[in-house]
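I have placed the structure first, in the form of structure tokens, so that the comments after it can refer back to it.
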Amino acid sequence: MHPSTLVLRRRTRTLGGPAVIRWTLIGLALLFLGVFLVVPLVAVFTFAFQKGWEAYAAAISHPEALSAMRLTLTAAAIAVPLNLVFGVAAAWLIARFRFPGRSLLITLIDLPFSVSPVIAGLIFVLMFGRQGWLGPWLAEHDLHVIFAVPGIVLATVFITFPFVAREVLPVMQAQGSDEEEAALTLGASGWRMFWRVTLPKVKWGVIYGVILCNARAMGEFGAVSVVSGHVRGVTTTLPLHAEILYNEYDFVGAFAVASLLTLLALVTLVVKKYVEWRSVAS
Amino acid sequence: MAVSSRRRVLPGFRLSLGFSWFYLGLLVLLPLSGLFLRTFTLTWAQFWETVTSARALAAYQLTFGASLAAALANVVFGLLVAWVLVRYRFPGRDLVEALVDLPFALPTAVAGLTLTTLFSANGWYGRHLEALGLKVAYTSLGVAVALTFIGLPFVVRTVQPVLEDIDVDVEEAAATLGATPWQTFARVLFPGILPALLSGFTLAFARALGEYGSVVFISGNMPLRTEIVPLLIITKLEQYDYAGATAIAVVMLTASFLLLLAVNLLHRWSHRRLEARSGH
Amino acid sequence: MSIIVEQVTRRFTEKGTPAVADVSFQAPAGAITSLLGPSGAGKSTLLRLVAGLEVPDAGRIHIDGVDCTSMPVQQRGVGVVFQSYALFRHMTVRENVAFGLEVRGTPRAETAARVDEMLRLVQLEDLGSRFPGQLSGGQRQRVAFARALAIRPRVLLLDEPFGALDTRVREELREWLHDLHTRTGLTTLLVTHDQQEALEISQHVVVMSEGRVAQAGSPEDVYSRPASPFVASFIGGASVLRGQVRSGRVAMGSLSVDVPAAAREGESVQAFVRPHDIKLVKSPVGAVNGHAATGRVERFKPVGGYVKVLLRLPTGDEVTVEVPRSEFDALGVAEGDAVRADVRSATVFLGDYAI
């Protein structure tokens with residue numbers, strides 16, 4: 001469902017064509033991208049620094065902002081490694097073996113791309129919420145999942161599980177299993193083969209998947225919003241914190257938090273470009 | 001080479017199979033089956049009443065209408081951007097190339113906040129549009145604008161590789177046969193990129209249907225007027241109407257699955273067409 | 001250290017024809033045995049079965065007298081050179097060669113010495129710190145050999161080892177492999193679709209077709225005494241002449257040849273004639289002693305040191321003849337000329353076999 005963007009591009013010759021048409025098309029495209037991408041990007045930082053550096057610093061060092069940062073980092077720190085392991089295992093399975101249920105597995109991996117994040121949150125509320133299947137049992141044992149940190153982590157893991165698998169799978173399929181087989185004939189055990197040959201081969205696909213997974217994990221809003229309950233300073237991630245501030249008309253605060261998330265997006269794009277460049281080079 | 005037999009020489013089959021299914025089962029299959037089971041707590045009449053209430057119908061209309069408009073806008077602008085990126089060299093091209101993915105990387109809430117502020121009555125854009133009598137923020141037009149932002153990369157990234165793969169030879173051949181540039185585009189290039197354009201459209205449309213973060217700020221959230229389906233689900237949840245929320249969610253899930261099916265059929269169709277052409 | 005394959009079958013789909021069907025052969029110890037056949041004949045699958053990269057559905061495989069049908073690939077002690085070389089692209093040449101020793105837990109000093117020895121063997125002493133991406137095709141090929149040989153394999157398995165190289169490098173490496181084999185004396189199994197390669201460097205040839213063994217024997221056997229029309233046409237690029245058995249002989253135009261004893265009167269036969277087993281004589285008149293045919297020169301084409309002449313016989317059959325260039329010049333024929341073709345030898349098969 002998600003067009004994989006790690007594509008090794010071949011340079012095509014550029015056609016001349018009439019200069020008028022060429023520059024009109026370039027102009028239109030740049031105008032559109034300027035209005036929709038560049039200006040909003042500039043706007044985030046302009047709004048964040050509207051009242052100067054001190055107001056900005058105060059907004060992002062507020063205890064609630066710091067706790068939102070901690071929660072966002074925690075959720076990503078749990079979701080990314082789990083989905084990394086899952087992604088590599090699933091990619092190996094799908095790329096190397098034919099077995100009954102294989103296409104079902106592929107479809108399931110694409111699921112979070114086609115399901116609304118709100119519905120993703122909803123299924124966990126139905127599972128663990130007060131009226132959910134496990135609700136009464138959880139209440140009895142004083143365990144909190146929904147409107148608590150575990151729910152946020154669960155929703156994040158769900159939303160981000162396809163990213164690593166989706167990026168590693170095409171790389172593994174493209175490379176074939178010759179090198180793995182060579183390692184086996186040379187006497188390597190399965191794990192030895194995996195660590196010494198398989199993993200280094202798909203390294204850039206893995207890194208690419210991890211940064212996309214991380215960006216989404218830190219920025220997820222819909223699913224997390226459903227399970228969070230918006231308990232200030234406890235169950236608010238950075239995006240939720242920005243929402244709360246915005247709804248309280250604290251625009252500088254909201255955009256200060258938003259600017260952190262925007263920086264994350266920009267870093268993601270830069271690393272992504274670098275990985276693309278490296279994987280073309282190697 | 002993938003091994004088709006019972007006996008597999010490459011290691012790790014059982015381990016990766018077991019782990020993948022365990023993980024997906026726990027994380028996806030179990031909760032998802034809970035969703036469908038929950039709808040059975042409603043009678044058919046109750047279910048029908050919930051999913052066809054005036055408020056729900058208005059929400060479907062807005063969500064599907066705005067998503068369709070946004071996906072169509074993405075087809076036009078996505079094709080334009082992909083064309084310009086593949087065909088022309090101009091200053092700042094590399095920057096544009098990297099920026100196209102911004103809507104994938106930027107948290108949706110940030111997009112929502114920013115677009116709302118820009119398009120509100122006294123915002124950078126809203127100020128001038130208002131003077132022209134055009135209200136964007138807190139209207140269905142605003143919803144479509146936010147969804148256009150979110151869906152932009154889909155069409156660009158599906159069309160771009162296909163456009164790159166078309167040999168310049170083909171165009172040159174058409175030119176030697178006397179075709180004008182416009183005829184070459186319409187008769188030679190466009191049929192080749194149509195499948196990619198269609199699947200980009202479907203992906204953008206599917207994503208728009210479920211989108212929440214970028215829309216919830218700009219829509220204004222007025223029931224019957226600017227309330228999207230995901231928000232309606234959340235509202236019902238906040239009123240502890242779990243069954244109602246689930247019923248609406250099932251309708252949306254069904255729509256998503258149908259779209260997913262459409263994408264897969266589209267893929268198969270275009271593959272078969274390509275294979276038929278290359279004579280395999 | 002012989003390899004014995006007994007009635008091995010491997011199918012990839014439940015229905016469908018098997019990739020390898022009931023194949024038996026022996027690769028003698030210390031010799032190079034070629035598995036020769038067109039693509040899709042099942043040669044590579046057979047090699048992978050011997051290596052342990054595929055598991056047979058039926059049959060047994062012995063290496064060095066030990067049944068290793070169900071022995072894991074890691075324990076077979078086979079040195080495999082893959083068609084794609086399958087070098088570890090993220091490791092240097094040295095690391096590639098050392099890999100098999102490292103996973104065996106060989107002491108570091110011993111590994112280093114062995115790697116040096118291997119790199120000397122393949123004449124790549126100076127390129128140890130390069131990555132595979134920085135080497136030419138022929139150099140990669142030799143790294144693949146060094147890596148396979150470093151583990152002191154019991155047998156060496158080569159899957160189209162020269163397939164991806166250009167003609168000159170192929171010929172050099174063929175020489176080199178011959179030397180290498182003379183020095184190591186390793187039992188070697190070589191998959192190739194190139195008959196010249198097989199005939200030149202192996203002592204034993206197994207010709208395969210559609211998953212089965214068509215003929216096994218010495219290069220001389222399969223070349224001069226093909227066991228089936230397939231082998232005759234696949235090896236040596238023979239022309240086919242068709243005719244019927246008439247009183248113990250078969251006449252094809254003015255040419256007549258002996259037929260196998262089992263031939264019945266009136267039965268269809270085919271004779272396979274190799275391009276260099278025909279001698280052209282300008283004058284069509286003269287002794288038609290039964291081993292000559294008259295024909296017309298359809299066209300001719302100089303190919304390096306010899307000239308390829310296409311003859312059309314009165315029967316309608318076409319025959320390709322290779323004539324050394326000097327001989328052709330002396331002959332002085334032009335297109336359309338009538339000539340006599342003296343057939344030195346032909347291989348005759350009963351029945352109608354479509355190639």
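Quick note on labels: first sequence line is chain A, next is B, and so on, each numbered from 1. The structure displayed is predicted, hence computed values, not measured ones.
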Whatever's closer than 4.5 Å to a heavy atom in chain A on V216(B) counts as side chain

Cut-off 4.5 Å, heavy atoms of chain A, and the answer for L152(B) is side chain

Cut-off 4.5 Å, heavy atoms of chain B, and the answer for V157(A) is both

Below 3.5 Å, can you tabulate the donor-acceptor pairs from side chains in residues 40-47 of chain A to any protein atom, sequence neighbours excluded?
{"from": "T46(A)", "atom 1": "OG1", "to": "V42(A)", "atom 2": "O", "distance (Å)": "2.7"}

Turns out that what part of L237(B) lies under 4.5 Å from chain A's heavy atoms comes down to side chain

| message | Can you tell me if F36(B) has over 12 outside heavy atoms packed within less than 6.0 Å of its CZ? | response | yes

task: Kindly say whether G222(A) contributes a backbone atom to a donor-acceptor pair with the side chain of E220(A) at under 3.5 angstrom?
output: yes

Whatever's closer than 4.5 Å to a heavy atom in chain B on L28(A) counts as both

Okay, F124(A) and chain B: the region with an atom under 4.5 Å from a heavy atom over there is side chain

The interface call for L85(B) against chain A, heavy-atom contacts under 4.5 Å, is neither

Applying a strict 4.5 Å limit to non-hydrogen atoms, the region of L30(A) in contact with chain B is side chain

Greatest number of non-hydrogen atom pairs under 4.5 angstrom with chain B, of I109(A), T268(A), L266(A), L261(A), falls to L261(A)

message = Looking at Y240(B), I'd like to know if its OH atom is crowded, meaning that more than 12 non-hydrogen atoms belonging to other residues, nucleotides or ligands lie closer than 6.0 Å.
response = no

Turns out that what part of L126(A) lies under 4.5 Å from chain B's heavy atoms comes down to both

Assess the side chains of S116(A) and E211(B): does a donor N or O sit below 3.5 Å from an acceptor N or O? no

Correct closest heavy-atom pair for G151(A) and V227(A) would be O-CG2, 3.6 Å

Quiz prompt | Donor-acceptor pair, side chain of R216(A) and main chain of I159(A), under 3.5 angstrom | solution = no

Cut-off 4.5 Å, heavy atoms of chain B, and the answer for F128(A) is neither

Residue from F36(A), W92(A), F32(A) scoring the most non-hydrogen pairs under 4.5 Å with chain B is F32(A)

Highest number of heavy-atom pairs under 4.5 Å with chain B among F161(A), F251(A), F194(A), W191(A) belongs to F161(A)

Heavy atoms of S20(B) and A90(A) approach each other most closely as OG-CA, 3.6 Å

From CA spacing to verdict: ring-ring contact (aromatic ring centres under 6.0 Å, His included), F154(B), F205(B):
CA-CA 10 Å; F154(B) 286 104; F205(B) 185 61; over 10 Å; no

*Decide, yes or no, whether a salt bridge links R157(B) with E97(B) under the criterion of side-chain N to carboxylate O below 4.0 Å.*
yes

If one checks every heavy atom of I119(A) against chain B at 4.5 Å, the contacting part turns out to be side chain

All heavy atoms of S228(A) vs all of H230(A), minimum pair found to be OG-N, 2.7 Å

Side-chain donor or acceptor of T158(B) paired with backbone N/O of S199(B) under 3.5 Å:
no

Under 4.5 Å to a heavy atom of chain B? For M218(A) that would be neither

Residue from T262(A), V85(A), L82(A) scoring the most non-hydrogen pairs under 4.5 Å with chain B is L82(A)

Scored by heavy-atom pairs under 4.5 Å with chain A, the best of W124(B), W83(B), F19(B) is W124(B)

Does atom CZ of R102(A) have more than 12 heavy-atom neighbours from other groups under 6.0 Å away? yes

Q.
In the structure I gave you, are the side-chain heavy atoms of R93(B) and Y88(B) within less than 4.5 Å of one another anywhere?
A. no

Quick note, side chain to side chain donor-acceptor pair (under 3.5 Å) partners involving residues 104-117 of chain B, not counting sequence neighbours, are none

Answer key: most heavy-atom pairs under 4.5 Å with chain A among L115(B), V81(B), L24(B) is L24(B)

Under 4.5 Å to a heavy atom of chain A? For L95(B) that would be neither

Cut-off 4.5 Å, heavy atoms of chain A, and the answer for T246(B) is both

Looking only at I233(B), L113(B), V110(B), L106(B), most heavy-atom pairs under 4.5 Å shared with chain A are made by L113(B)

One option among L17(B), L15(B), L99(B) has the most heavy-atom pairs under 4.5 Å with chain A, and it is L17(B)

Looking only at L264(A), L111(A), V88(A), I123(A), the option with the highest number of non-hydrogen pairs under 4.5 Å against chain B is I123(A)

Turns out that what part of V270(A) lies under 4.5 Å from chain B's heavy atoms comes down to neither

Nearest heavy-atom approach of H241(A) to T236(A) is N-CB, 4.3 Å

One option among G213(B), G92(B), P230(B) has the most heavy-atom pairs under 4.5 Å with chain A, and it is P230(B)

The interface call for F149(B) against chain A, heavy-atom contacts under 4.5 Å, is both

Okay, L29(B) and chain A: the region with an atom under 4.5 Å from a heavy atom over there is side chain

When the 4.5 angstrom heavy-atom criterion is applied to S259(A) and chain B, the contacting part is neither

Residue pair R207(B) / L203(B), side-chain heavy-atom distance below 4.5 Å: no

Taking every heavy atom of A217(A) against every heavy atom of T160(A), the minimum-distance pair comes out as N-CG2, 3.5 Å

Heavy-atom nearest pair, A91(A) first then A165(A), reads CB-O, 4.3 Å

Turns out that what part of L33(A) lies under 4.5 Å from chain B's heavy atoms comes down to side chain

Cut-off 4.5 Å, heavy atoms of chain B, and the answer for T107(A) is side chain

If one checks every heavy atom of N83(A) against chain B at 4.5 Å, the contacting part turns out to be both

Answer key: most heavy-atom pairs under 4.5 Å with chain A among L118(B), V96(B), L37(B) is L118(B)

Cut-off 4.5 Å, heavy atoms of chain B, and the answer for F158(A) is both

If one checks every heavy atom of F257(B) against chain A at 4.5 Å, the contacting part turns out to be side chain

